[in-house]
Amino acid sequence: MADLIRFSVPGKPEYVGVVRLAISSAASAAGFDVEDIEDIKIAVSEVCTNIFCCSDHGIVTYKVSCEVGENGITISIDDMSDDDDHEINNLHECQNLPVKNLIDDLFDPSMSILMLRVLMDEVSIFAGCNENMLIRMIKHL
């Protein structure tokens, strides 16, 4: 059974280190080596800094969840809603919205997404009906 860690973070750059520390501790507990942990920390920093902390969309807080299982770690970072129990399945209907425009407004997708995909094994970006965003990254052991 997987262990799940969830917390909310103010949308300010000074709290990115808190997220990095928590996620790197979970990755270490999962058995990742130092190089993989550094990759995970860089990916988390990229998402938190460039998408949520420095966006023009006025994100006050964002949620981080980290699921540590036998096969690896899944990190989800979102600004979806105050409902802790929303599910990715609810976003599929909205996934065909012009996500490209939303992503272009937040960061340079040619660099940031490429970097995330190099550092992590899987990267998924979901958009909600209200232009909210969830980014899910997976790193396998």
Side-chain angles (χ1 to χ4, degrees), residues 1-97 99-141:
M1 180 170 208
D3 295 328
L4 181 62
I5 302 164
R6 287 185 184 172
F7 53 98
S8 296
V9 182
K12 298 178 181 178
E14 55 263 35
Y15 292 102
V16 173
V18 173
V19 179
R20 283 173 47 103
L21 182 60
I23 299 299
S24 64
S25 295
S28 178
F32 285 97
D33 61 30
V34 174
E35 186 175 309
D36 284 337
I37 292 171
E38 287 301 316
D39 288 349
I40 292 167
K41 286 170 42 177
I42 292 168
V44 166
S45 294
E46 184 73 12
V47 170
C48 292
T49 303
N50 292 332
I51 297 175
F52 296 116
C53 291
C54 298
S55 75
D56 294 331
H57 294 276
I59 296 167
V60 177
T61 61
Y62 57 95
K63 293 186 175 110
V64 178
S65 69
C66 177
E67 187 174 339
V68 179
E70 294 176 10
N71 298 325
I73 190 167
T74 301
I75 303 157
S76 297
I77 303 174
D78 71 69
D79 67 336
M80 286 304 178
S81 69
D82 292 331
D83 179 14
D84 288 336
D85 296 323
H86 74 273
E87 295 183 17
I88 290 174
N89 294 338
N90 296 336
L91 303 176
H92 289 262
E93 296 173 5
C94 301
Q95 198 171 3
N96 294 326
L97 291 174
V99 176
K100 182 183 180 336
N101 293 338
L102 175 65
I103 292 170
D104 287 345
D105 289 344
L106 296 175
F107 62 100
D108 178 9
S110 62
M111 295 304 292
S112 292
I113 293 175
L114 177 62
M115 181 189 302
L116 294 177
R117 290 196 169 134
V118 167
L119 295 170
M120 303 297 284
D121 296 323
E122 297 177 43
V123 176
S124 302
I125 300 172
F126 300 91
C129 295
N130 296 326
E131 292 192 355
N132 295 340
M133 182 180 282
L134 179 143
I135 297 176
R136 181 179 59 198
M137 302 177 290
I138 300 172
K139 186 82 164 178
H140 300 290
L141 278 171

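Keep in mind that what you see is a predicted model, and the values were worked out from it rather than measured.
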Would you indicate whether the side-chain heavy atoms of [Y] and [X] approach each other to under 4.5 Å?
X: Ile73; Y: Glu67; answer: no
X: Met137; Y: Thr74; answer: no
X: Val18; Y: Val16; answer: no
X: Ile135; Y: Asp78; answer: no

Non-hydrogen atoms of [X] and [Y] that approach each other most closely:
X: Ala43; Y: Leu116; value: O-CD2, 3.5 Å
X: Ile40; Y: Ala27; value: CD1-CB, 3.9 Å
X: Phe32; Y: Ile37; value: O-CD1, 3.6 Å

*Take Asn71 and Leu141 through the side-chain contact (heavy atoms from CB on, under 4.5 Å) test and state the conclusion after the steps.*
CA-CA 6 Å; Asn71 298 325; Leu141 278 171; over 6 Å; no

*Show your reasoning for whether side-chain contact (heavy atoms from CB on, under 4.5 Å) applies to Tyr62 and Ser8.*
CA-CA 6 Å; Tyr62 57 95; Ser8 296; over 6 Å; no

*Quick one: salt bridge (Lys or Arg N to Asp or Glu O under 4.0 Å) partners of Glu38, sequence neighbours excluded?*
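Partners of Glu38 under the salt bridge (Lys or Arg N to Asp or Glu O under 4.0 Å) test: Lys41.
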
_Contacts of type side chain to side chain donor-acceptor pair (under 3.5 Å), residue Ser45, not counting sequence neighbours_ =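 Checked Ser45 against side chain to side chain donor-acceptor pair (under 3.5 Å); matches are Arg20.
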
*Looking at residues at least two apart in the chain, or sitting in another chain, which of them share a side-chain contact (heavy atoms from CB on, under 4.5 Å) with Ser65?*
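side-chain contact (heavy atoms from CB on, under 4.5 Å) check on Ser65 returns Leu4, Arg6, Ser76.
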
_Run the side-chain contact (heavy atoms from CB on, under 4.5 Å) test against Ile5 and tell me which residues pass, sequence neighbours left out._
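Ile5: side-chain contact (heavy atoms from CB on, under 4.5 Å) contacts with Phe7, Ala26, Cys66.
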
_Given 3.5 Å as the limit, does a donor-acceptor pair link the side chain of Thr49 with the main chain of Glu46, or not?_
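Not confirmed, Thr49 side chain does not pair with Glu46 backbone.
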
Please tabulate, for side-chain N and O atoms in residues 117-126, each donor-acceptor pair with protein atoms closer than 3.5 Å (sequence neighbours left out).
unit_1, atom_1, unit_2, atom_2, d
Asp121, OD2, His140, N, 2.6
Glu122, OE2, His140, NE2, 3.0

*Kindly check if the number of other-residue, nucleotide or ligand heavy atoms within 6.0 Å of CG (Asp33) is above 12?*
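Above 12, so yes.
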
_Between Ile77 and Lys63, is the side-chain contact (heavy atoms from CB on, under 4.5 Å) condition met? List the steps._
CA-CA 6 Å; Ile77 303 174; Lys63 293 186 175 110; over 6 Å; no

